[in-house]
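Below you'll find the structure, written out as structure tokens, and then a few comments.
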4 protein chains.
Amino acid sequence: MSEKQTVPSSVKDTRLIQIRREQMIKGAISLFKEKGFHRTTTREIAKASGFSIGTLYEYIRTKEDILYLVCDQIYDEVQEKIKRALHFRHVTKETIKEGIAAYFKIMDELQDEVLVMYQEIKSLPREMLPVVLKKELEMVAVFEDLLRRYFDQKGSVVSDEQIRLYAHNIIVQGQMWGFRRWALRKHYTLEKYTEWQFHLLINGIDQISK
Amino acid sequence: MSEKQTVPSSVKDTRLIQIRREQMIKGAISLFKEKGFHRTTTREIAKASGFSIGTLYEYIRTKEDILYLVCDQIYDEVQEKIKRALHFRHVTKETIKEGIAAYFKIMDELQDEVLVMYQEIKSLPREMLPVVLKKELEMVAVFEDLLRRYFDQKGSVVSDEQIRLYAHNIIVQGQMWGFRRWALRKHYTLEKYTEWQFHLLINGIDQISK
Amino acid sequence: MSEKQTVPSSVKDTRLIQIRREQMIKGAISLFKEKGFHRTTTREIAKASGFSIGTLYEYIRTKEDILYLVCDQIYDEVQEKIKRALHFRHVTKETIKEGIAAYFKIMDELQDEVLVMYQEIKSLPREMLPVVLKKELEMVAVFEDLLRRYFDQKGSVVSDEQIRLYAHNIIVQGQMWGFRRWALRKHYTLEKYTEWQFHLLINGIDQISK
Amino acid sequence: MSEKQTVPSSVKDTRLIQIRREQMIKGAISLFKEKGFHRTTTREIAKASGFSIGTLYEYIRTKEDILYLVCDQIYDEVQEKIKRALHFRHVTKETIKEGIAAYFKIMDELQDEVLVMYQEIKSLPREMLPVVLKKELEMVAVFEDLLRRYFDQKGSVVSDEQIRLYAHNIIVQGQMWGFRRWALRKHYTLEKYTEWQFHLLINGIDQISK
DNA sequence: GATGAATGAGTTTTCATTCAT
DNA sequence: GATGAATGAAAACTCATTCAT
């Protein structure tokens, strides 16, 4: 949240910065969805944001800053939604299913945003990349934690490394729902997709930790 | 192969077309790896290919043609390697493991190429996209087939839709090894990665098809 | 002094105008020294002056006004210093030496300012140029007067035109000390420079007026 | 001459480079004369040169390269003219007069060019400045040499440092004729100016070396 | 078939100036 | 009187593409 201040602005009023950047991000995302980062011009972003090109540059330094702001914001949104959905005391099979379902649902809702983000991440300036990758790992950590507690409660002994891999798998399967919609949508509803992926996982891990 | 003729050239000599395009693709891939499609100029590609910008345009119509050629060629390479690795009569658990291992190995070897391809696919001209997505499905089909035969041999009844999902999972896990190397490489060797993913899958599906 | 009122201000309080403009000129000179007039932005000038861009524009109309104010101020400073240094009743060879030395010393002290002024004068709006050139001639006149009195006292007959040329020479040699410091500093101290230039001049003119 | 290759061009044909750069320099000088370097746009230069903005940038990298090319070319022109005018075996008072007269004449002819050059030199990129200042010193050296031979032939003993100063004076007086034309033209013809400056110098130095 | 010079529309970014608060 | 957010014209520079040789 306050990390957005990573990108300097020549405007002083922080309240205003927040407002304008929100407009900017909103405008940018819808353009990036349509034509990608490189084919979107800063002028278009300014226009879509509802202000002039001059004003746009009062709130960022370079076009790449916009991309960073966009990625940052999408991560925050996803994370916030996930964290709101997942706080279980006791972790059972059912809990895991709910967790995965919640996450997949979010990825379904934010499909376009997520698509944009992962396709343009490579265009981020080198120095901003680590910040973004860190956020990705934080999301993995959410499921690592969930799985770890599941195994602990079951009394199974599974290595951290293995758990991490399963968590990565979950995260990637969520993204996959967005990225491969051209193929998956024809055959699965989100519910079916969720159910089958969950079963595959739970059967797999229960077998392993036996 | 002959599909490459999708991209017209003003040169007649097909032998020459093939040679020049190979040079082009090779040069382009190494540039795309480094700086991505959009940040690579046609001049750079011409130079890296060993001929002039004028000559480059004798063999393609637009810059995007190069991207198509590149994607097409990478797919062909991956497919060819996979098909060479997988032709089993009898499909057992072991066979599946070998299949996955072969595929992951190929994805590991062609890591950069695959990264490039999936990140730039969205820049393909609309009309070329289906061709490329079709190739993606062909790759999925390879594992669909493998799994189908595995279940048949086991006498399990599993729906095509479910099998297709598992196949997608395998394909995505191969790509994931390339895309998330920044995170995975720290914790897993390709062998460990392969083994764990295989176990998760086989345990999962054996359980399901019981 | 009152000529500065050439530049209109929307502020009424003349005392305030003076204060603000002094701050402005000081800030501007140091920036112009560093990066020249064109590469300095009005925002930077406002900041260096200690007030906002809005306030800056309460005291000037255009960026060029600042340049005028700067030039004007430097001339005033040089002139004032010269006039303070030169008021001789009786003009002898020695007096001339003192005059030249005083002038060169001032040019040495105000080196950066003078450099700035002469390099940016051409950027003054056409209508302000005459005012500034007039000041330049006033400085020439100081030495014309000195030389005229020297010749009169010696009883030599030398034309006004010739005297004017010598005066121009002196003025230019002072500027030259600033402009060519990159070359002169390596070989001469200000004292040596002054002495040799003075000797060359005095020997030259004494010979001529014989 | 070959030093112009200091500025890289993406065009290979050196003959063409020379032609285009000549056009460019010619166009640029006339624009710089009129409005200075900063107020002249690259598009204007391209247009004045008779080709498109794209073509302009095939022959230079940045706008500042043009300034360098312009300065370089003016120096070369001045130097070449001077060297053609001055090659005396025996150096007498008369020779010196001829030398000065020739130099002043050149400065009179190339007045605008010289004005442009000295006013914009400060805008040269840092790394190009030394090249240009070196050329300035070469011009000083021409007169150092002349004066040295004059004194030697007369048998006078005068230090190198003193001679260098006189040479600088000559160079500066030539420039002064261009820079202060607004004041000097009213009172002197080039001939009168030359004659009086020569007399002042020769009387001065003859007196000194006595 | 190969070359590379020419083109100019299009891109990012800057900055003097205004004006509502 | 002071502030600083907003503006948009203008600037430097790029690059895919063409076409005469």
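Excluded from the calculations below are hydrogen atoms, water molecules and symmetry mates; all remaining heavy atoms, backbone and side chain alike, are included. Residue numbers begin at 1 in each chain, while the letters A, B, ... track the order of the sequences.
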* Rounded distance (Å) that lies between atom C1' of dC15(F) and atom CG of L56(D) -> 15 Å
* Roughly, in whole Å, what's the span from NZ in K63(A) to P in dC13(F)? -> 19 Å
* Asked: Of all the choices, dA16(E), dG4(E), dA12(F), which nucleotide is nearest to the side chain of T42(C) once you look at every atom?
  -> dA16(E)
* Structure fact -> Taking for R61(D) and for D13(A) the nucleotide of DNA chain F with the nearest heavy atom, the one nearer the 5' end belongs to D13(A)
* What's the verdict on side chain to side chain contact (heavy atoms under 4.5 Å, CB included) for L129(B) and I121(B), showing C-alpha distance, side-chain angles and the deciding distance? -> CA-CA 8 Å; L129(B) 199 57; I121(B) 257 182; 4.0 Å; yes
* K12(D) side chain, from C-beta outward: closest of dA6(F), dT11(E), dG4(E) -> dG4(E)
* Asked: Nearest-Å distance, CD (E64(B)) to C1' (dC15(F))?
  -> 14 Å
* Between E120(C) and K63(C), is the closest basic N to carboxylate O distance under 4.0 Å? -> no
* Length of the line joining L67(D):CG and dA12(F):P, which is rounded to integer Å -> 13 Å
* To do: Send over the distance from E58(C) CD to dA16(E) C1', rounded to a whole Å.
  => 15 Å
* Structure fact -> Considering only heavy side-chain atoms of R20(A), the closest of dG1(E), dT13(E), dA6(F) is dA6(F)
* Structure fact -> Taking for G50(D) and for G54(B) the nucleotide of DNA chain E with the nearest heavy atom, the one nearer the 5' end belongs to G54(B)
* To do: Tell me, please, whether F37(A) has K122(A) positioned over its six-membered ring: NZ or CZ under 6.0 Å from the ring centre and within 45 degrees of its axis?
  => no
* Asked: Closest heavy-atom contact between I25(C) and L69(C)?
  -> CD1-O, 3.8 Å
* With DNA chain F as reference, determine whether T41(D) or L16(C) sits nearer its 5' end, using the nearest nucleotide of each. => L16(C)
* Asked: Does T55(C) make a side-chain N or O approach to OP1 or OP2 of dG1(F) shorter than 4.0 Å?
  -> no
* Please work out which of the three classes, parallel, tilted or perpendicular, describes the rings of Y75(D) and Y118(D), given edges at 30° and 60°. => perpendicular
* Any ion pair linking E44(A) and K35(A) (charged N to carboxylate O, less than 4.0 Å)? -> yes
* **Value in whole Å for how far the C1' atom of dA5(E) lies from CZ of R15(D)** => 16 Å
* Asked: Out of dT17(E), dG4(E), dG8(E), which has the shortest distance to the side chain of I53(B)?
  -> dG4(E)
* To do: Please tell me which of V11(D) and T62(C) maps to the more 5' nucleotide of DNA chain E, matching each residue to the nucleotide holding its nearest heavy atom.
  => V11(D)
* Asked: Which nucleotide, dT11(E), dT7(E), dA2(E), lies nearest any side-chain atom of Y59(B)?
  -> dA2(E)
* To do: Using whole Å, report how far NE2 of H38(B) lies from C1' of dG10(E).
  => 14 Å
* **Distance below 4.0 Å between Y57(A) side-chain N/O and dA6(F) OP1 or OP2** => no
* Using a heavy-atom cut-off of under 4.0 Å over every strand shown, decide if S9(D) touches base, sugar-phosphate, or nothing. => nothing
* Asked: Which part of the nucleic acid, if any, lies within reach of S10(B) when heavy atoms closer than 4.0 Å are counted: base, sugar-phosphate only, or nothing?
  -> nothing
* How close or far is atom C1' of dG4(E) from atom NZ of K47(B), stated in whole angstroms? -> 13 Å
* State the pairing partner of dT21(F); accept Watson-Crick or G-U wobble contacts with both distances under 3.5 Å, and report none otherwise. => dA2(E)
* **hbond_proxy R43(B) side chain to dT14(F) base (donor-acceptor, 3.5 Å cutoff)** => no
